[in-house]
Amino acid sequence: MSDTEGDARRRELGDNSGPVEEEVEESFDRTVEEGAQRLNRSFRDVLITGLFGGFEIGIGIMAYLGVLHETENHLLAGLAFSAGLIALLLAKSELFTEGFLVPIAAVIAREASYAQLGKLWGGTLIANLVGGWLFMALIMTAFPQWSGTTTTAANHFLDAGFNWETVCLAVLGGSTITLMTRMQHGTDNVTGKIAAAIVGAFLLAGMQLFHSILDPLLIFGAIHAGADIDYLEWLGWFSYVVVFNVLGGILLVTALRLVSASKLVKERREDSPVNPEEPRHSR
């Protein structure tokens, strides 16, 4: 091959001479950099972004209930729920179940610590639920005609019981939202990110997968509407769903992603700062 042909071939393949494709490396870098930035927020910032995340998921629930009330079609309502995930994406708020890929990648790459991961997860989970509870109080006051639809939707989850079916639904819920996050970090194109949000919403809400943030908002709405549901009943359901959401997101998506990028992880770890509290934001 001549030098001219070789140069043309290199331009076609990209500038990266590393062990994996250039696009994969760029996606991995974006994931780690964003994860490090999110993990280094103050606890106050974590609570604020988590609170807004609860509000924005509430926007999706409002759209979901409106369509479900009029059509009784969960698939159409699932598409309407995408309004919440799109709002979450564009407003750059925080959703607990989106933390199963990006922050973990930063911790594994030694760009942040496990303590910071615990702070992000704990603060975001609490703030999401508080924000969602408040927003559902507004929705049920504004749309009392949705009370029956909301109660039926809530009982679908609470009456399911703890069994292999519900475990699998919770595992799929965690893996679906994490895969959506993975797709969004695989591109810089906003249209592509929005398309991933729509797909994620359709699968998550339209297929009625078990999700530790989305579904509690329906339960909170039913409680606000006066349904015969109490918070202990919600807590019993929530206690296993959140565990299997985490397992689904980490085992089915994050772990496999990090294994496929193991050489990049190794490079990051070798170049990582001594103190993970002071992450490097550029390579």
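What's counted below: heavy atoms across the whole structure, side chains too, no hydrogens, waters or symmetry copies.
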Colleague: So which heavy atom on Leu217 is nearest to which on Ile213, and how close?
Modeller: CD1-O, 3.1 Å
Colleague: Using the ring of each side chain (for Trp, its six-membered ring), is Phe96 parallel, tilted or perpendicular to Trp121, with breaks at 30° and 60°?
Modeller: perpendicular
Colleague: Report the residues that fulfil side chain to side chain contact (heavy atoms under 4.5 Å, CB included) with Ala195, sequence neighbours left out, ordered by chain and then residue number.
Modeller: none
Colleague: What distance do Phe210 atom CZ and Cys168 atom SG have between them, rounded to the nearest 0.5 Å?
Modeller: 11.0 Å
Colleague: Indicate every side-chain donor-acceptor pair of residues 72-81 with a distance under 3.5 Å to a residue at least two apart or in another chain.
Modeller:
unit_1: Asn73; atom_1: OD1; unit_2: Leu75; atom_2: N; d: 2.9
unit_1: Asn73; atom_1: OD1; unit_2: Leu76; atom_2: N; d: 3.1
unit_1: His74; atom_1: ND1; unit_2: Tyr64; atom_2: OH; d: 3.1

Colleague: By the side chain to side chain donor-acceptor pair (under 3.5 Å) test, which pairs, at least two apart or in different chains, include something from residues 129-147?
Modeller: Trp133-Tyr231
Colleague: Looking at every non-hydrogen atom in both residues, tell me the closest pair between Gly173 and His211 and how far apart they are.
Modeller: O-CD2, 4.4 Å
Colleague: Under 6.0 Å from the CG atom of Asn163, do we count more than 12 heavy atoms belonging to anything else shown?
Modeller: yes
Colleague: Which pairs would a plain distance check flag for residues 44-51, meaning a side-chain donor or acceptor within less than 3.5 Å of a matching protein atom at least two apart in sequence or in another chain?
Modeller:
unit_1: Asp45; atom_1: OD2; unit_2: Ser42; atom_2: OG; d: 3.3
unit_1: Thr49; atom_1: OG1; unit_2: Asp45; atom_2: O; d: 3.0
unit_1: Thr49; atom_1: OG1; unit_2: Val46; atom_2: O; d: 3.1

Colleague: Quick check for you: to the nearest 0.5 Å, what is the distance between Ser93 atom OG and Glu98 atom CD?
Modeller: 9.5 Å
Colleague: How many angstroms lie between atom CD of Glu233 and atom CZ of Phe157, to the nearest 0.5 angstrom?
Modeller: 14.0 Å
Colleague: Roughly how far, to the nearest 0.5 Å, is CG of Asp230 from CG of Asp228?
Modeller: 8.0 Å
Colleague: Might you point out which heavy atoms bring Leu95 and Thr124 nearest each other, and give the distance in Å?
Modeller: C-CG2, 3.8 Å
Colleague: Scan for side chain to side chain donor-acceptor pair (under 3.5 Å) pairs involving residues 171-181, sequence neighbours excluded, and state none if there are none.
Modeller: none
Colleague: Partners of Thr152 by side chain to side chain contact (heavy atoms under 4.5 Å, CB included), sequence neighbours excluded?
Modeller: none
Colleague: What about Ile104 and Leu101, same hydrophobic cluster or not, with Ile/Leu/Val/Met/Phe/Trp/Tyr joined at side-chain heavy-atom distances under 4.5 Å?
Modeller: no
Colleague: Work out which heavy atom in Gln184 is nearest to a heavy atom in Ala196; give both atom names and the distance.
Modeller: CG-CB, 3.8 Å
Colleague: In the single-linkage hydrophobic clustering (I, L, V, M, F, W, Y; side-chain heavy atoms under 4.5 Å), do Met136 and Leu235 co-cluster?
Modeller: yes
Colleague: Please identify each residue that fulfils ring pair (Phe, Tyr, Trp, His ring centres under 6.0 Å) with Phe162, with sequence neighbours left out.
Modeller: Tyr240
Colleague: Identify the two heavy atoms, one from Lys193 and one from Thr187, that lie closest to each other, and give their separation to 0.1 Å.
Modeller: NZ-O, 3.0 Å
Colleague: Between Thr97 and Asn245, is any side-chain donor less than 3.5 angstrom from a side-chain acceptor?
Modeller: no
Colleague: How would you list, by chain and number, every residue that makes a side chain to side chain contact (heavy atoms under 4.5 Å, CB included) with Leu90, sequence neighbours excluded?
Modeller: Ile86, Val190
Colleague: How long is the span from the CG atom in Leu218 to the CG atom in Asn155, to the nearest 0.5 Å?
Modeller: 11.0 Å
Colleague: Report all side-chain donor-acceptor pairs from residues 197-208 shorter than 3.5 Å, counting only partners two or more places apart or in another chain.
Modeller:
none

Colleague: Within a radius of less than 6.0 Å around CZ of Phe52, do more than 12 heavy atoms belonging to other residues, nucleotides or ligands occur?
Modeller: no
Colleague: Are Ile59 and Phe135 close enough that some pair of their side-chain heavy atoms sits under 4.5 Å apart?
Modeller: yes
Colleague: As a quick check of understanding, evaluate side chain to side chain contact (heavy atoms under 4.5 Å, CB included) for Thr149 and Phe143, giving each step before the final call.
Modeller: CA-CA 11 Å; Thr149 300; Phe143 300 99; over 6 Å; no
Colleague: Nearest 0.5 Å please: distance from the CD1 atom of Ile219 over to the CH2 atom of Trp237.
Modeller: 5.0 Å
Colleague: Side-chain heavy atoms under 4.5 angstrom apart, residues restricted to Ile, Leu, Val, Met, Phe, Trp, Tyr: same cluster for Val246 and Val102?
Modeller: no
Colleague: Is Leu39 reachable from Phe43 through a run of I, L, V, M, F, W or Y residues, each pair having side-chain heavy atoms under 4.5 Å apart?
Modeller: no
Colleague: Who are the salt bridge (Lys or Arg N to Asp or Glu O under 4.0 Å) partners of Asp159, not counting sequence neighbours?
Modeller: none
Colleague: Kindly write out the residues that satisfy salt bridge (Lys or Arg N to Asp or Glu O under 4.0 Å) with Glu94, not counting sequence neighbours, or none if the list is empty.
Modeller: Arg38, Arg41
Colleague: Please identify each residue that fulfils side chain to side chain contact (heavy atoms under 4.5 Å, CB included) with Ala255, with sequence neighbours left out.
Modeller: none
Colleague: Could you tell me which non-hydrogen atom of Ala154 sits nearest to which non-hydrogen atom of Ile229, and how far apart they are?
Modeller: CB-CD1, 4.2 Å
Colleague: In terms of hydrophobic clustering (I, L, V, M, F, W, Y; side-chain heavy atoms under 4.5 Å; direct or indirect links), are Leu134 and Leu125 co-clustered?
Modeller: yes
